[in-house]
A.B. asks: 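I have a structure I would like to understand better, so I am pasting it below and will then ask my questions one at a time.
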Amino acid sequence: MSFIEIVLGILQGADVTAEVTFFGLLYAVPFAVLAGVLQHFSTGAARWAITALIEFWRSTSVIVLLYVFYYSLPAFGIELSAVAVGAMVLGLNAGAYSSQSVRAALQSLDRGQCEAGLALGLNRFAVLRWIELPQALRKMIPTFVNEAIQLIKGTALVSLITLTDMTFRAKQIAQSTYDPVAIYSGLLLCYLMVCYPVTLLGRHLERSTGKLGERVNEL
Amino acid sequence: MEPERTERRTLVVEFTQKADSRAAVLIEGVSKWFGTFQALDKVSLNVAVGERLVICGPSGSGKSTLIRCVNQLETHDEGRIVVSGAELRPGMRGLAEVRRDVGMVFQQFNLFPHLSVLDNCTLALRRARKIPKDAANQIAMEKLERVHIAEQAKKYPRQLSGGQQQRVAIARALCMKPKIMLFDEPTSALDPEMVKEVLDVMTALAKEGMTMICVTHEMGFAREVADRVVFMDKGAIIEEAAPQKFFGNPEHDRTKQFLKQLLH
Ligand SMILES: Nc1ncnc2c1ncn2[C@@H]1O[C@H](COP(=O)(O)OP(=O)(O)OP(=O)(O)O)[C@@H](O)[C@H]1O
Ligand SMILES: [Mg+2]
């Protein structure tokens with residue numbers, strides 16, 4: 001097998017990698033924003049509960065969680081597809097990390113911003129929606145891009161729960177062809193090809209946050 | 001449901017307004033603590049409709065705390081505050097509605113950096129008063145013209161000078177058609193050459209009959225505009241008088257000392 005053939009073979013798993021990443025982001029972004037906002041605002045027991053939830057997803061091993069949700073839950077009558085489990089576990093793990101930067105971004109805003117909004121007669125939710133979140137979002141973009149890249153790379157783990165992603169394809173090819181150097185450097189190349197454009201996209205987003213901010217304000 | 005609630009509120013407002021007939025703001029025995037530190041000590045102060053009040057006093061005397069209680073950016077621990085007929089209580093319903101009648105201008109401007117000058121002015125009109133975009137823009141342009149900065153409407157706050165930013169902040173507050181305007185040292189963060197343009201706008205506003213409470217150490221402004229000057233020290237009102245008497249012949253030693261320091 002030539003190097004090109006190996007790379008093409010690995011890329012047959014790109015759709016699964018993309019699928020898990022996409023659905024993972026659908027878990028990660030809302031969870032990050034919601035958990036970050038709730039942690040910022042809540043006090044007492046509510047804050048304790050949301051912190052515990054964040055820490056659960058942040059401080060447990062992703063591999064163990066994949067096994068638990070994929071192999072143990074069926075014993076309790078809950079059967080989830082491998083893609084669903086992969087997206088949820090990886091997504092909530094990334095989301096839990098990002099929630100901390102959401103909270104930090106909200107906390108770092110000048111108190112005068114919120115006060116000016118309240119003084120104008122906006123309620124607390126409107127201040128969050130129209131004043132604090134648009135500004136915090138801008139600060140969060142680099143972190144979100146980093147988390148997205150971590151998520152793509154993290155999807156390599158779903159090969160452990162039978163998904164035919166790029167890493168699984170590489171292992172398959174390795175079983176029929178003995179050429180570990182070509183196969184695994186090909187795999188590296190494939191992840192680089194997928195991740196680097198995301199990095200570039202992130203840089204572009206950061207530069208154009210002014211425009212993005214404006215668009216958010218018109219929603 | 002909606003009309004009924006509004007009606008009830010109007011009744012309440014009418015009732016209390018009769019009780020405190022000409023008062024725009026009524027402050028009675030207000031105390032406030034930050035932890036164990038007492039920032040306000042039984043302050044009582046009435047501001048009549050159309051009155052221009054200047055508050056001065058040394059740093060840490062509680063001036064900001066007092067006017068921030070008027071729109072409940074700080075809650076008071078004791079006493080009574082009534083603003084255009086509504087008594088303010090911690091966690092009260094309808095606080096946002098009361099705040100729409102009370103404009104506030106901050107020392108640090110506090111413009112929204114992610115919004116253009118125009119959007120700064122229309123945000124609360126659209127999201128609190130629910131006025132459609134075009135109508136809100138029209139109101140905002142009117143107010144921006146009034147502070148002589150309409151030509152900068154499309155710019156962002158960071159592109160403006162301090163004096164311009166503060167005038168935008170005044171326009172933003174005026175957009176809500178407030179009955180009362182609060183100013184917390186509006187010129188203290190400005191370079192000297194920009195102080196006048198802001199004071200001119202405030203003077204014009206005063207001449208139009210706006211009820212104003214201004215924390216400021218601009219004594220020229222106080223002399224020209226104020227109906228009454230209040231001097232605060234250590235969380236209490238020490239002296240209040242018409243500007244002529246206040247500057248010409250103050251009664252209290254601490255006032256004299258403070259004025260002497262101001263001149264140096
Ligand atoms: N959030 C707070 N927490 C604790 N103490 C506070 C807080 N806000 C104000 N204080 C204290 O209350 C006192 C009065 O503060 P305030 O800001 O009202 O003074 P001020 O007269 O406006 O002074 P300045 O001229 O410096 O603005 C000060 O001693 C200040 O340190
Ligand atoms: Mg102050």
Side-chain angles (χ1 to χ4, degrees), chain A residues 33 36-37 40-44 46-47 101-144 204-219, chain B residues 64 67-68 70-74 91 93-116 118-130 133 154 156-159 165 168-169 171-184 189:
Chain A
V33 173
V37 166
H40 178 59
F41 281 111
S42 58
T43 50
R47 189 185 171 97
S101 73
V102 174
R103 182 183 51 95
L106 285 172
Q107 277 171 346
S108 73
L109 288 181
D110 188 299
R111 219 174 52 139
Q113 290 291 308
C114 172
E115 288 180 350
L118 292 177
L120 284 166
L122 293 164
N123 62 37
R124 191 65 191 84
F125 180 77
V127 168
L128 177 71
R129 167 68 183 84
W130 301 108
I131 298 171
E132 293 176 301
L133 271 185
Q135 292 184 58
L137 187 76
R138 187 178 304 197
K139 295 187 185 185
M140 276 147 32
I141 284 174
T143 320
F144 273 153
H204 173 74
L205 276 180
E206 254 176 275
R207 252 182 276 121
S208 60
T209 40
K211 284 176 226 144
L212 184 77
E214 275 166 54
R215 253 177 274 133
V216 166
N217 297 323
E218 285 310 320
L219 293 180
Chain B
S64 296
I67 71 165
R68 286 160 59 84
V70 173
N71 65 357
Q72 292 286 289
L73 287 183
E74 303 288 356
R93 295 182 88 221
L95 179 57
E97 278 92 342
V98 177
R99 281 171 169 160
R100 285 169 209 166
D101 286 342
V102 183
M104 185 164 209
V105 176
F106 301 85
Q107 184 175 351
Q108 301 297 340
F109 328 136
N110 292 349
L111 292 180
F112 308 129
H114 62 299
L115 297 177
S116 69
L118 186 65
D119 291 343
N120 262 274
C121 293
T122 57
L123 180 68
L125 285 173
R126 292 173 62 190
R127 308 304 172 190
R129 288 223 199 271
K130 311 286 182 202
K133 186 175 178 180
K154 293 272 170 260
Y156 281 80
R158 64 179 171 277
Q159 296 169 296
Q165 289 191 44
V168 171
R172 177 176 73 178
L174 290 178
C175 281
M176 300 300 283
K177 303 212 167 75
K179 298 193 180 111
I180 303 156
M181 284 286 287
L182 310 173
F183 293 85
D184 191 358

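Values below: all heavy atoms of this structure, side chains included; hydrogens, waters and symmetry mates excluded. Residue numbers begin at 1 in each chain, while the letters A, B, ... track the order of the sequences.
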A.B. asks: Minimum heavy-atom separation for Pro134(A) to His114(B), with atom names?
C.D. replies: CB-CD2, 3.6 Å

A.B. asks: If you count heavy-atom pairs within less than 4.5 Å of chain A, which of Asn71(B), Leu182(B), Leu123(B) leads?
C.D. replies: Leu123(B)

A.B. asks: Does any non-hydrogen side-chain atom of Glu115(A) lie less than 4.5 Å from one of Arg68(B)?
C.D. replies: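 Contact flag for Arg68(B)/Glu115(A) side chains = yes.
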
A.B. asks: Relative to chain A, which segment of Phe106(B) carries a heavy atom at a distance below 4.5 Å: side chain, backbone, both, or neither?
C.D. replies: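 For Phe106(B), the contact with chain A is made by the side chain alone.
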
A.B. asks: When you measure from the side chain of Gln113(A) to the backbone N and O of Leu111(B), does any donor-acceptor pair fall under 3.5 Å?
C.D. replies: yes

A.B. asks: When rounded to the nearest 0.5 angstrom, what distance separates CZ in Arg100(B) from CG in Leu122(A)?
C.D. replies: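 Reported to 0.5 Å precision, the distance equals 7.5 Å.
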
A.B. asks: Let me know if Leu95(B) has heavy atoms under 4.5 Å from chain A in its side chain, its backbone, both or neither.
C.D. replies: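 For Leu95(B), no heavy atom lies under 4.5 Å from chain A.
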
A.B. asks: For the atom pair CZ (Arg172(B)) and CG (Leu120(A)), what is the distance rounded to the nearest 0.5 Å?
C.D. replies: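 Between atom CZ of Arg172(B) and atom CG of Leu120(A) there are 5.0 Å.
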
A.B. asks: For the residue pair Ala128(B) and Gly121(A), what are the closest heavy atoms and their distance?
C.D. replies: CB-O, 3.7 Å

